[in-house]
Amino acid sequence: MTTTQSISLFGEREKGESVRTQNMTAAVAIANIVKSSLGPVGLDKMLVDEVGDVTVTNDGATILKMLEVEHPAAKVLCELAQLQDEEVGDGTTSVVIIAAELLRAADELIKQKIHPTTIINGYKLACKESVKFIQENLSIPAADLGKSCLLNVAKTSMSSKIIGSDKDFFANIVVQSCELLKFTNTRGETKCPIKTINVLKAHGKSTRESMYIKGYALNCTIASQLMAKSMKNAKIACIDFSLQKSKMKLGVQVVVDDPEKLDAIRQREADITKEKIQLILASGANVILTTGGIDDMCLKYFVDAGAIAVRRCKKEDLKRIARATGAALVASLSNLEGEESFEPAFLGFAEEVAQERICDDELVIIRGTKAKPAASIILRGANDIYVDEMDRSVHDSLCAVKRVIESKSVVPGGGCVEAALSIYLENFATSLGSREQLAIAEFAQAMLVIPKTLVVNAAKDSTELVAKLRAFHNASQTIEAKRQFKWIGLDLENGKCRDNKEAGVLEPEMSKIKSLKFATEAAITILRIDDMIKIFQPSKEDPNSYANAVKQGRL
């Protein structure tokens, strides 16, 4: 039963079944948008914004971020995709599809007069059991699979992207970058800070012209032609202010009686910057990177000292370089005593800083950084739209490899985990004698949405293939001699089932577990809602306006 009533707060209140049905319909509508982009043969979406900028992508998080969604329940799913993107980096499409399917299943149960609290408890129990089952039965330690494990994870992540045809080439680049950056912290945890990888985009040439550089590539050039093009044993100063002739602040006036004093003022303005530069050079710096500008007069001092100066660097780049070389990003030369100084401790160290021509551009490359290793990837492609999508694909792949390096475990892909969970949860539901049995059975059925969608997107018969897949997993869980069937997943290119552990279709365990948890939490959040109050904006019309006066006949 539904009731809609007006309330005194300039709003409208809606409660009952229709609120849940509305929320479910909105969630399914959002899932249907991204559904066809799931899997290695998923299709891309073209998004055009109000300015006319075009984005072509099949990344779930990007699609949902660019949509202007008004329905509050649909917004929850868009935020869910963003959360999955931030936490894991991959699996953004599947998490939205699972959440929408859980909601659809819950709506069916509510129509059969089952209370939402019972469904919520069932979903929570099913999620907990699913995570436990994945960790105990489907998880494969990455160490058991050797070096190929990371390459296979990178390839699996890329297979559904625009660079899927060149996945062998790009997987090598991604794994090399992650292997270079990984380190073990003081608590014995392996970390891989992929945010320090500088990904540069340059359109032109083919995708296979993309390259990996061992070092930090800075998309800037050396400030003067007279400076050396390379510097060995570089001592790097990172500065966050301009080195230009200092001028009076706006509104400051200097009144002089003697015209000759004007020259002295101008000379002092020039000397202020000269003193700053001499302080920096006196510390031993031979490479100066600044976010601001350096004018021609100041460049002369660097040229005379035989130093390299690079201007207009991005602040984000300087922060990464400072972290890699052990430098400090200096925002001002003033110290606590109010005097200007530049300590040698502020300098960072690298084996070499050189300007090189890579692709069509001149880049400054910092190699052999002292504090932490640095890596850069330069992407080439036919046009900006293509290169942007390559960037998103490489980012997802880097995130997947990072998660495997840090968590050290993987699971087979291609619908294997979801099919295994479906069989396990169905059997688990029948062992329960409580009301939650129905909710868990629906949860098990909802898990099959991923293999079904994968098969439909591959233009194959979903009913037949998913039935075969379930038969394999049922055998693996009931017959001890057929335990090895638990690795069976879908081969979408040939339209059959295969051992995905052998085939190298692998995903991070963390990605599957997090997507299950996030999807269940999102479904529960929307399922709890049974009352919706819409507040209308009060009218801001002026009763004394000209238009109102004409209407009322006062004019």
Side-chain angles (χ1 to χ4, degrees), residues 26 29-39 41-72 74-97 157-166 170 173-174 194-195 197-211 217-220 291 312-317 320 358-361 363 376-399 457:
I30 288 287
N32 285 342
I33 292 170
V34 294
K35 215 172 212 181
S36 62
S37 66
L38 181 73
V41 275
L43 304 172
D44 289 1
K45 309 287 178 198
M46 180 184 277
L47 303 155
V48 184
D49 64 12
E50 63 272 13
V51 186
D53 287 344
V54 177
T55 306
V56 176
T57 181
N58 74 350
D59 180 43
T62 309
I63 295 165
L64 296 180
K65 189 197 280 183
M66 295 191 71
L67 292 179
E68 288 184 13
V69 179
E70 287 185 5
H71 196 284
K75 276 183 181 170
V76 171
L77 286 201
C78 294
E79 285 161 11
L80 170 69
Q82 295 301 320
L83 179 67
Q84 176 80 1
D85 196 36
E86 287 162 21
E87 287 283 319
V88 183
D90 203 8
T92 48
T93 309
S94 55
V95 75
V96 172
I97 294 171
S157 174
M158 283 176 194
S159 61
S160 63
K161 309 291 183 189
I162 205 163
I163 52 176
S165 54
D166 293 317
F170 282 102
I173 289 178
V174 165
I194 56 165
K195 283 186 180 175
I197 297 172
N198 191 25
V199 180
L200 294 174
K201 297 178 281 188
H203 65 266
K205 301 259 180 125
S206 74
T207 50
R208 295 188 77 87
E209 299 279 332
S210 302
M211 60 175 72
L218 196 58
N219 195 11
C220 300
T291 54
R312 309 274 178 220
C313 303
K314 286 183 186 169
K315 192 168 183 179
E316 188 186 350
D317 282 335
R320 289 174 179 173
I358 289 175
C359 306
D360 301 335
D361 298 318
L363 300 176
S376 301
I377 297 170
I378 297 172
L379 299 175
R380 306 303 305 273
N383 53 40
D384 286 342
I385 296 169
Y386 194 91
V387 173
D388 287 341
E389 179 61 0
M390 283 173 68
D391 184 19
R392 285 187 285 271
S393 307
V394 167
H395 170 263
D396 282 6
S397 197
L398 284 168
C399 288
N457 289 351

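Worth knowing before you read on, the calculation uses all heavy atoms, side chains too, and leaves out hydrogens, waters and symmetry mates. Everything quoted here is computed from the prediction, not taken from an experiment.
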CA sep, side-chain torsions, deciding dist, call: Asp391, Leu379, side-chain contact (heavy atoms from CB on, under 4.5 Å) | CA-CA 7 Å; Asp391 184 19; Leu379 299 175; 4.1 Å; yes

Could you check if a side-chain atom of Met46 sits within less than 4.5 angstrom of a side-chain atom of Thr55, using non-hydrogen atoms only?
-> no

Between Ser206 and Glu209, is any pair of side-chain heavy atoms under 4.5 Å apart?
-> yes

Which pair of non-hydrogen atoms, one from Lys65 and one from Gln82, has the smallest distance, and what is that distance?
-> CB-NE2, 3.2 Å

Heavy-atom closest pair (Thr92 atom, Val96 atom, distance to 0.1 Å) is O-CG2, 3.5 Å

Taking side-chain hydrogen bond (donor to acceptor under 3.5 Å, both in side chains) as the test, write out the residues that go with Glu86, two or more places apart.
-> none

For Ser376, the option from Asn198, Leu200, Leu218, Leu363 that meets side chain to side chain contact (heavy atoms under 4.5 Å, CB included) | Asn198

Listed by chain and number, what are the salt bridge (Lys or Arg N to Asp or Glu O under 4.0 Å) partners of Asp85, not counting sequence neighbours?
-> none

In chain order, what residues pass the side-chain contact (heavy atoms from CB on, under 4.5 Å) check against Ile194, with sequence neighbours excluded?
-> Cys178, Cys192, Ile197, Leu398, Cys399, Lys402

What are the two closest non-hydrogen atoms of Gly381 and Met390, and how far apart are they?
-> CA-SD, 4.4 Å

Output all residues satisfying side-chain hydrogen bond (donor to acceptor under 3.5 Å, both in side chains) with Asn219, sequence neighbours left out; order by chain, then residue number.
-> none

For Ala202, does its backbone N or O pair with a side-chain atom of Arg380 as donor and acceptor, under 3.5 Å?
-> yes

Say you draw a straight line from CE of Met158 to OG of Ser393; how long is it, rounded to the nearest 0.5 Å?
-> 8.0 Å

Can you name the side-chain contact (heavy atoms from CB on, under 4.5 Å) partners of Val41, sequence neighbours left out?
-> Ala458

So how far is it from Asn58 CG to Ile63 CD1, rounded to the nearest 0.5 Å?
-> 6.5 Å

If we only count heavy atoms from C-beta on, is the Phe170 to Ile377 side-chain gap below 4.5 Å?
-> no

Between Ala74 and Val69, which heavy-atom pair has the shortest distance, and what is it?
-> CB-CG1, 3.3 Å

Does Arg208 have any salt bridge (Lys or Arg N to Asp or Glu O under 4.0 Å) partners at least two apart in sequence or in another chain, and if so, which?
-> Asp166

Identify, with sequence neighbours excluded, every residue that meets side-chain hydrogen bond (donor to acceptor under 3.5 Å, both in side chains) alongside Ser157.
-> Asp90

Applying side-chain contact (heavy atoms from CB on, under 4.5 Å), run through Leu64 and Leu80 and close with a yes or a no.
-> CA-CA 10 Å; Leu64 296 180; Leu80 170 69; over 6 Å; no

With sequence neighbours excluded, what pairs up with Lys315 under the side-chain contact (heavy atoms from CB on, under 4.5 Å) test?
-> Asp240, Thr291, Lys319, Leu329

Determine, step by step, whether Glu316 and Lys195 satisfy the side-chain contact (heavy atoms from CB on, under 4.5 Å) criterion, reporting the C-alpha distance in whole Å, the side-chain angles of both residues, the deciding distance to 0.1 Å, and the verdict.
-> CA-CA 11 Å; Glu316 188 186 350; Lys195 283 186 180 175; over 6 Å; no

For Leu47 and Thr62 the tightest heavy-atom approach is CD1-O, 4.5 Å

Would you say the side chain of Met66 lies within less than 4.5 Å of the side chain of Thr57, judging by non-hydrogen atoms?
-> no

Indicate yes or no: at least one non-hydrogen side-chain atom of Val56 is less than 4.5 angstrom from one of Glu389.
-> no

Tell me, please, which residues at least two apart from Asp317 pass side-chain hydrogen bond (donor to acceptor under 3.5 Å, both in side chains).
-> Tyr216

For Asp388, what residues pass the side-chain contact (heavy atoms from CB on, under 4.5 Å) criterion, not counting sequence neighbours?
-> Lys201, Arg392

Which residues satisfy the salt bridge (Lys or Arg N to Asp or Glu O under 4.0 Å) test with Glu79, sequence neighbours excluded?
-> none

Of the non-hydrogen atoms in Val95 and Ala81, which two are nearest, and what is the gap between them?
-> CG1-CA, 4.5 Å

Distance-only criterion, 3.5 Å: show the donor-acceptor pairs between side-chain atoms of residues 29-39 and protein atoms not counting sequence neighbours.
from  : atom 1 : to    : atom 2 : distance (Å)
Asn32 : ND2    : Val28 : O      : 3.4
Ser36 : OG     : Lys45 : NZ     : 2.5
Ser37 : OG     : Val34 : O      : 2.7

